[in-house]
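Just so it is clear, the model here is predicted, and its values are computed rather than measured. Throughout, a chain's letter reflects where its sequence line sits, starting with A, and its residues are numbered from 1.
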Protein chains: 2
Amino acid sequence: MHAELQLDNQICFRLYTAARLITQAYTPILTTLGITYPQYLVLMVLWEKDNQPVNDIARRLVLETNTVTPLLQRMEKLGFVVRKKGEQDKRQQIVSLTEKGKQLEEEAYAQVPTGMNNQLSACPLKLDDYQRLAQELDSIIDTLKK
Amino acid sequence: MHAELQLDNQICFRLYTAARLITQAYTPILTTLGITYPQYLVLMVLWEKDNQPVNDIARRLVLETNTVTPLLQRMEKLGFVVRKKGEQDKRQQIVSLTEKGKQLEEEAYAQVPTGMNNQLSACPLKLDDYQRLAQELDSIIDTLKK
DNA sequence: TAACATTATATCGTACACGATAAAAACAAA
DNA sequence: TTTGTTTTTATCGTGTACGATATAATGTTA
């Protein structure tokens with residue numbers, strides 16, 4: 001029985017579990033908006049800056065393009081974005097928000113933060129804790145993102 | 001432009017990213033052992049206590065049985081576990097380690113902690129930080145696990 | 001400029017996750 | 001004990017993730 005191999009000692013298992021549970025908490029809210037959590041992430045990237053190539057979106061989300069490409073294809077089919085060949089660089093696909101995609105920002109603003117705060121209201125963590133948590137996660141992310 | 005909807009303000013995005021990067025860090029090590037990260041989690045549960053029904057494993061990993069059942073079927077095909085109908089309760093499938101599954105514990109003990117420490121050695125977090133991080137993640141997990 | 005390397009997407013195969021549903025066994029209550 | 005409910009597992013469909021590979025466009029270099 002090796003203590004190093006016990007589940008309870010694993011920060012990694014906690015990260016894995018917390019990430020899944022957070023995504024699950026988003027799901028009912030995002031479902032009413034007609035999107036998934038990764039799709040919501042893509043929209044946030046585009047709400048911040050529209051008309052980006054696939055690569056920039058993938059880099060921002062720390063995802064591979066072979067994850068993002070099908071994600072964008074589904075989002076295009078759903079009418080949230082369009083993809084157009086780049087004019088300077090014809091290899092690129094420039095991803096842009098449709099009206100439907102743009103309008104979703106207001107709806108998300110009205111529903112998502114409130115909904116998530118509700119579900120996390122019983123959590124004992126305070127603002128300071130969340131800020132430190134964010135920094136600690138960033139240092140893990142920076143270390144592993146080569 | 002709503003600050004609440006910015007990626008950088010999202011603890012959730014960080015959790016999601018950190019969890020994926022950690023899993024990616026495990027992958028090369030676990031690949032040499034012939035398993036994936038979720039399979040490693042199942043093995044850790046069984047190394048702690050062998051001969052458990054599907055439900056107990058799923059509960060321990062905070063996963064649904066419809067995730068764990070196919071996971072176990074793959075692990076059985078790979079020869080790490082066997083599944084036998086429960087004798088008292090014939091609905092249950094009791095999952096047990098094979099010799100191959102048991103022997104993997106020593107190999108994992110030799111390779112996994114060292115390999116992960118190597119990859120995280122550049123991370124500025126100290127033991128105290130990891131312990132507090134674990135507690136904070138637990139309080140998020142406890143809040144969201146209904 | 002012709003040949004080679006690099007970059008940006010896309011495609012394919014495999015393995016999770018999970019909501020929805022199904023089926024069999026166990027349990028509970030009338 | 002018969003009927004209805006709950007529990008345990010399995011199956012199905014959809015959507016990520018990601019390693020491996022392919023392809024077209026761009027850059028580079030001899």
[N] [atom2] sits how many Å from [X] [atom1], rounded?
X: B/L72; N: D/dT8; atom1: CG; atom2: C1'; result: 13 Å
X: B/R74; N: D/dT11; atom1: CZ; atom2: P; result: 12 Å
X: A/I35; N: D/dT16; atom1: CD1; atom2: P; result: 10 Å
X: A/K145; N: D/dC18; atom1: NZ; atom2: P; result: 13 Å
X: B/K85; N: D/dT8; atom1: NZ; atom2: C1'; result: 11 Å
X: A/L30; N: D/dG15; atom1: CG; atom2: C1'; result: 14 Å
X: B/E87; N: D/dT8; atom1: CD; atom2: C1'; result: 17 Å
X: A/Q88; N: D/dA25; atom1: CD; atom2: C1'; result: 13 Å

task: For A/K84, look at atom NZ and say whether over 12 heavy atoms of other residues, nucleotides or ligands are found less than 6.0 Å away.
output: no

- prompt: NZ of A/K100: more than 12 outside heavy atoms within 6.0 angstrom?
  reply: yes

query: Can a salt bridge be assigned to the pair A/D56 and A/R59 using a cut-off of 4.0 Å between side-chain N and carboxylate O?
result: yes

message: Between B/K126 and B/D129, does any NZ, NE, NH1 or NH2 come within less than 4.0 Å of an OD or OE carboxylate oxygen?
response: no

field: Pairing residues for A/T36 by the side chain to side chain contact (heavy atoms under 4.5 Å, CB included) criterion, not counting sequence neighbours
entry: A/P38, A/Q39

- request: Determine which bases of DNA chain D form Watson-Crick or G-U wobble pairs with both distances under 3.5 Å, and write the result as a 5' to 3' dot-bracket string with | for other-strand partners.
  value: ||||||||||||||||||||||||||||||

Just call it for [X]: base, sugar-phosphate, or nothing, with non-hydrogen atoms closer than 4.0 Å on any strand.
X: B/R20; value: sugar-phosphate
X: B/T36; value: sugar-phosphate
X: B/R59; value: nothing

- prompt: Which atom names give the shortest non-hydrogen contact between A/P70 and A/T67, and what distance separates them?
  reply: CD-O, 3.3 Å

- prompt: With side chains defined as the heavy atoms from C-beta onward, is the minimum distance between A/V112 and A/L33 less than 4.5 Å?
  reply: yes

- request: Return no unless some side-chain N or O of B/Y37 is found under 4.0 Å from OP1 or OP2 of D/dA17.
  value: no

message: OP1 or OP2 of D/dT9 versus the side-chain N and O atoms of B/T69: is any pair under 4.0 Å?
response: no

- line: Heavy-atom nearest nucleotide on DNA chain C taken for A/P53 and for A/Q24; more 5' hit belongs to A/P53

message: Need to verify one output field. Residue with the more 5' nearest nucleotide on DNA chain C, A/T67 or B/N66?
response: A/T67

message: Can you tell me how the ring of B/Y26 sits relative to the ring of B/Y40, calling it parallel under 30°, perpendicular over 60° and tilted otherwise?
response: tilted

message: Within 45 degrees of the ring normal and closer than 6.0 Å to the centroid, is that where the cationic atom of B/R14 sits relative to B/Y16?
response: no

- prompt: Start at the 5' end of DNA chain D and walk down; is the nucleotide closest to A/M75 or to B/T27 reached first?
  reply: A/M75

- prompt: Reading DNA chain C 5' to 3', which nucleotide is the first, and which the last, to come under 4.0 Å of any heavy atom in chain B?
  reply: C/dA15 to C/dA26

message: Looking only at the side chain of B/R91 (C-beta and beyond, no hydrogens), which of the listed nucleotides D/dT16, D/dT6, D/dA10 gets closest?
response: D/dT6

task: Counting heavy atoms from C-beta on, name the nucleotide in D/dA17, D/dT9, D/dT26 closest to the side chain of B/Q93.
output: D/dT9

task: Could you verify whether a donor N or O on one side chain and an acceptor N or O on the other, from A/N51 and A/S96, lie under 3.5 Å apart?
output: yes

